[in-house]
Amino acid sequence: MTDTNDKKTGLDIAQDGRVLRLTINDPATRNSIGPALMEAARAAFDAAADASVGAVVLTGAEGAFCSGGNLKWLKEARGGDRESVRAGVESFHAMIRSLRACPKPVIAAVEGPAGGAGFPLALACDLIVAAEDAVFTLSYIKVALTSDGGGTASLARALPPQLAAEILFEGGRVGAPRLAQLGMINRLTAPGGALAEATAWAERLAAGPTAALGRAKGLLEVAYGGLADQLDRERDAFVESLFNDEAGEGVTAFFEKRAPVFPKG
């Protein structure tokens, strides 16, 4: 096994046999996504094309998958310029593009919360194994923002329109069992068992025909229409939302721990 634990990026990288394990490791923020992690993860997905890797497992440390982006950055970003925000969103999207372009199966092992950007990140993976008590939240709308990371594309291709709209419009918590019933989660495990199950599955896939699996993944991406164009549309909508007065109220209310009162008219 080879291990790389980098506290500066918040991403732990370990390879055991032909399985590459990427662990988001920033427990203080419940494994939020920051610029350094995005770049490290993008590079790791690109490197997974190496012949020594047969499959990838993406997980989070200490009982949480990923809490999403850092709202402190969003609050500060509203005082800046739109191009800087576009560049920030594009950093996340570069990570998603690398995940989708990775020619190896990527399995999400989800324990605890997959919130905000953590939900689209899990959906971008080829397969999802989740603990029965895992909770998924696409909470952008709570602060008057729209999803990034390919969340709208993933929901649209996986769900009937009304269910996709419910998740996007409500921004509420969705339990892993419901998502499994909807076909969005492949396997449920007892709490604490997602990583072991995902790793065992990755080992089986890694022992298979790697090149054929990569071609199959590529064919699915084309069949779904791909994420590239939708990622660009999401980026632009996110920037427009962030610099709107609604987001100003939503983000402010979040930090003041009160219900937002969105402007009308």
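By convention here, the first residue in the shown sequence is residue 1.
Side-chain atoms of Thr152 and Gln230 include a donor-acceptor pair closer than 3.5 Å. Side chains of Arg178 and Gln181: no donor on one and acceptor on the other come within 3.5 Å. Of the N and O atoms on the side chains of Ser52 and Asp50, at least one donor lies less than 3.5 Å from an acceptor on the other residue. A donor-acceptor contact closer than 3.5 angstrom is absent between the side chains of Ser67 and Asn31.
Scanning for salt bridge (charged side-chain N to carboxylate O under 4.0 Å, His left out) contacts around Arg235 gives Glu90, Asp232, with sequence neighbours left out. Scanning for side-chain hydrogen bond (donor to acceptor under 3.5 Å, both in side chains) contacts around Glu256 gives Arg258, with sequence neighbours left out. By the side-chain contact (heavy atoms from CB on, under 4.5 Å) test, Ala211 is found to be paired with Arg215, residues two or more places apart in sequence or in another chain being considered. Applying the side-chain hydrogen bond (donor to acceptor under 3.5 Å, both in side chains) criterion to Asp81, with sequence neighbours excluded, gives Ser84. Residues meeting the side-chain hydrogen bond (donor to acceptor under 3.5 Å, both in side chains) test with Glu111, sequence neighbours left out: none. Residues that satisfy the salt bridge (charged side-chain N to carboxylate O under 4.0 Å, His left out) test with Lys217, not counting sequence neighbours, are Asp126. For the side-chain hydrogen bond (donor to acceptor under 3.5 Å, both in side chains) test, residues two or more places apart in sequence or in another chain that qualify with Asp26 are Thr29. In this view, Glu170 satisfies the salt bridge (charged side-chain N to carboxylate O under 4.0 Å, His left out) rule with no residue, not counting sequence neighbours. With sequence neighbours left out, the salt bridge (charged side-chain N to carboxylate O under 4.0 Å, His left out) criterion links Asp133 to no other residue.
Atoms CG and CZ, from Leu138 and Phe169 in turn, are 11.5 Å apart once rounded to the nearest 0.5 Å. Going from atom CG of Leu58 over to atom OG1 of Thr23 covers 8.0 Å, rounded to the nearest 0.5 Å. Here the CD atom belonging to Glu234 is positioned 7.5 Å from the OG1 atom belonging to Thr146, to the nearest 0.5 angstrom. To the nearest 0.5 Å, the span separating CG on Leu231 from CZ on Arg97 amounts to 5.0 Å. Atom OG1 of Thr59 is separated from atom CZ of Arg21 by 8.5 Å, given to the nearest 0.5 angstrom. To the nearest 0.5 Å, the span separating CG on Asp46 from CE on Met95 amounts to 11.5 Å.
Two different hydrophobic clusters hold Leu127 and Phe65 under the rule that ILVMFWY side chains link at heavy-atom gaps under 4.5 Å. There is no path of hydrophobic side-chain contacts, each under 4.5 Å, that joins Leu99 to Trp201. Both Ile128 and Leu159 sit in one connected hydrophobic cluster of ILVMFWY residues. Membership requires side-chain heavy atoms under 4.5 Å apart, directly or through other members. Grouping the Ile, Leu, Val, Met, Phe, Trp and Tyr side chains by contacts below 4.5 angstrom, directly or via other members, places Val110 apart from Ile107. Val56 and Val129 sit in two unconnected hydrophobic clusters of ILVMFWY residues. Membership requires side-chain heavy atoms under 4.5 Å apart, directly or through other members.
Arg82 and Glu240 are joined by a salt bridge, as a carboxylate oxygen and a charged side-chain nitrogen come within less than 4.0 angstrom of each other.
Clustering of Ile, Leu, Val, Met, Phe, Trp and Tyr by side-chain heavy atoms under 4.5 Å joins Val19 with Val57, Leu195.
Of the possible polar contacts, one joining the Glu249 side chain to the Val261 backbone as a donor-acceptor pair under 3.5 Å is found. Checked by atom type and distance alone, the side chain of Arg100 pairs as donor or acceptor with a backbone atom of Ala124 at under 3.5 Å. For the pair Ser241 (side chain) and Leu145 (backbone), a donor-acceptor distance under 3.5 Å is absent.
In this structure, the side chains of Val174 and Thr137 stay at 4.5 Å or more apart for every pair of heavy atoms. You'll find the side chain of Leu22 reaches within 4.5 Å of the side chain of Leu11, heavy atoms only.
The number of heavy-atom neighbours closer than 6.0 Å to CZ of Arg173, taken from other residues, nucleotides and ligands shown, is 12 or below. A 6.0 Å sphere centred on CZ of Phe254 holds no more than 12 heavy atoms belonging to other residues, nucleotides or ligands.
Listed by first then second residue, pairs satisfying salt bridge (charged side-chain N to carboxylate O under 4.0 Å, His left out) with a partner in residues 191-201 read Arg187-Glu197, not counting sequence neighbours. Applying the ring pair (Phe, Tyr, Trp, His ring centres under 6.0 Å) definition to pairs two or more places apart or across chains, those involving residues 71-119 are Phe119-Phe136.
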Quick one: do Arg18 and Val53 satisfy side chain to side chain contact (heavy atoms under 4.5 Å, CB included)? Show the steps, please. CA-CA 5 Å; Arg18 289 176 51 75; Val53 176; over 6 Å; no
Assess whether side chain to side chain contact (heavy atoms under 4.5 Å, CB included) is satisfied between Tyr140 and Leu168, documenting all intermediate values. CA-CA 8 Å; Tyr140 295 81; Leu168 284 168; over 6 Å; no
